[in-house]
Amino acid sequence: MYFVERSRVDSPFSKRVFHVPETTVLGWFQRAWHHEDPEALLIAEIGGGAYGFDSIFEAIEEHHLPCPQTLDELRELLDEHLWVESDDPIRLDERGLRVRTNDDEVDLAYYFLEDEAIAAHPDRLAYLVNDTWPLPSGAAAPGATFTPDVALRVVDRPGPGPDSVYAVRITWQHTDHNGTNLDQREATVFPGVNLPGLADHLRRIADPVSRERFDADLLRSLVGPGDDSIGPALDRYVCLEPYDLSILGKWTAPSHEQILQWKLPQPPPQARVAVDQHLAQAARYIDDFFGHEQLFLFDTQWAATHRDLALSLLRYATHWDPFAQ
């Protein structure tokens, strides 16, 4: 069984991943239900659990709750006694438990996932259970293909080639100021270009794309006039200090000149950047409270080699529940 917490934790990925071998989700809850020291168990096996998760153990002690014998019984008990601050109901089925809640500052989600579900659905879960920075490099030969299975924000100024570049930015603020950090607005795709050609392609976009495509405009502004690759743009990105990268509270991306004014001389030591030919990734460190936000750029050749990682990363930017349709 895997436990994953997606929140403002101390990780370049803004998530924690724990594996508890040789148990199922129901089996883990049954073992923990009347454990003599549930706090010690949570710390030892799932890093203490997520915000509010200990409420179920408080309820067990207070109400003498019976240990569930089936997933249906566990669902009923969690529905009634697990503290959740969200309009989303808990989601428990044979694949695992998915919970969305709030720590009074930001939304967070946590997951108890069956090992069998990880093996059966890597296209939905590979990125979620990955905790190794950076993501692996390596790419297929030219001519490889990749077909996403989620909605994307298409930059409708295509390049001339057969490939595409996918941009995934996981932020702490919704891109229309009307949602939370779990309400991402899908990934962005740049058709007709590969990652080595992205910097030049972005320079050819003379005007802002759209307020609805903030990430595309931000990337365009991060690229400098003399950049021959996307690497310098990511170096600038991790040197940006503000929590909110929009202009004056409106979802308008800063200009390149404004980015140069905003950037720190050096990135914080907690920032991370890794750039390969067909994959570029950055974790921009905001502060001790919010931790990091992430930016991934990959093209068709990388996605064709790392299909499950690519598909699950695109899904991660689409919905907090990897099994949402």
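One-based numbering along the sequence shown.
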Could Arg284 and Tyr237 be counted as a cation-pi pair, given that NZ or CZ must be under 6.0 Å from the ring centre and within 45° of the axis?
-> yes

Between Asp131 and Arg16, is there a side-chain N and carboxylate O pair less than 4.0 Å apart?
-> no

Electrostatic pair Arg204:Asp200 at N-O distance under 4.0 angstrom | yes

Go through Glu45 and Trp28 one step at a time and tell me if the side chain to side chain donor-acceptor pair (under 3.5 Å) criterion holds.
-> CA-CA 10 Å; Glu45 296 193 347; Trp28 186 88; 2.7 Å; yes

Phe190 six-ring face occupied by Arg157 cation (under 6.0 Å, within 45°) = no

Fit a plane to each ring of Tyr51 and Trp83, take the angle between them on a 0 to 90° scale, and name the class: parallel (under 30°), tilted (30 to 60°) or perpendicular (over 60°).
-> perpendicular

Does a side-chain heavy-atom distance below 4.5 Å link Trp320 with Gln184?
-> no

Under a 4.0 Å N-O cut-off, is there an ion pair linking Arg315 with Asp149?
-> yes

Let me see the working for Arg31 and Val20 under side-chain contact (heavy atoms from CB on, under 4.5 Å), right down to the final yes or no.
-> CA-CA 12 Å; Arg31 182 162 58 87; Val20 184; 3.9 Å; yes

Rounded to the nearest 0.5 Å, how far does CD of Glu105 lie from CZ of Phe289?
-> 4.0 Å

Step by step, work out the side chain to side chain donor-acceptor pair (under 3.5 Å) result for Tyr111 and Asp321.
-> CA-CA 9 Å; Tyr111 312 82; Asp321 180 0; over 6 Å; no

Please say whether the positively charged group of Arg95, taken as NZ for Lys or CZ for Arg, lies over the ring of Phe323, i.e. under 6.0 angstrom from the six-membered ring centre and within 45 degrees of the axis.
-> yes

Measure the spacing between NE2 of His121 and CG of Leu128 and express it to the nearest 0.5 Å.
-> 13.0 Å

Look at the aromatic rings of Trp133 and Phe296 and report parallel, tilted or perpendicular, splitting at 30° and 60°.
-> tilted

Parallel under 30°, tilted from 30 to 60°, perpendicular over 60°: which one fits the rings of Phe112 and Phe29?
-> tilted

Measure the shortest side-chain to side-chain distance between Glu114 and Thr24 over non-hydrogen atoms and say whether it is less than 4.5 angstrom.
-> yes

Before giving the answer on side chain to side chain donor-acceptor pair (under 3.5 Å), spell out for Asp288 and Tyr285 the whole-Å C-alpha distance, their side-chain angles and the decisive distance to 0.1 Å.
-> CA-CA 8 Å; Asp288 290 342; Tyr285 183 75; 2.2 Å; yes

When Asp107 is tested against each of Asn102, Asn181, Thr101 for side chain to side chain donor-acceptor pair (under 3.5 Å), which residue passes?
-> Asn102

Residue pair Glu58 / Ser55, side-chain donor-acceptor N/O under 3.5 Å = no

With sequence neighbours left out, write down each residue that passes side-chain contact (heavy atoms from CB on, under 4.5 Å) with Asp299, or none if nothing qualifies.
-> Val165, Asn194, Leu195, Pro196, His278, Gln301, Trp302

Look at Lys263 together with Glu241 and state whether they make a salt bridge at an N to O cut-off of under 4.0 Å.
-> no

Rounding to 0.5 Å, atoms NE2 (His256) and OG (Ser221) come to a distance of 8.5 Å

Looking at Asp227 and Arg203, does any basic side-chain N land under 4.0 Å from a carboxylate oxygen?
-> no

So, are Asp103 and Arg8 salt-bridged, with charged N and O less than 4.0 Å apart?
-> yes

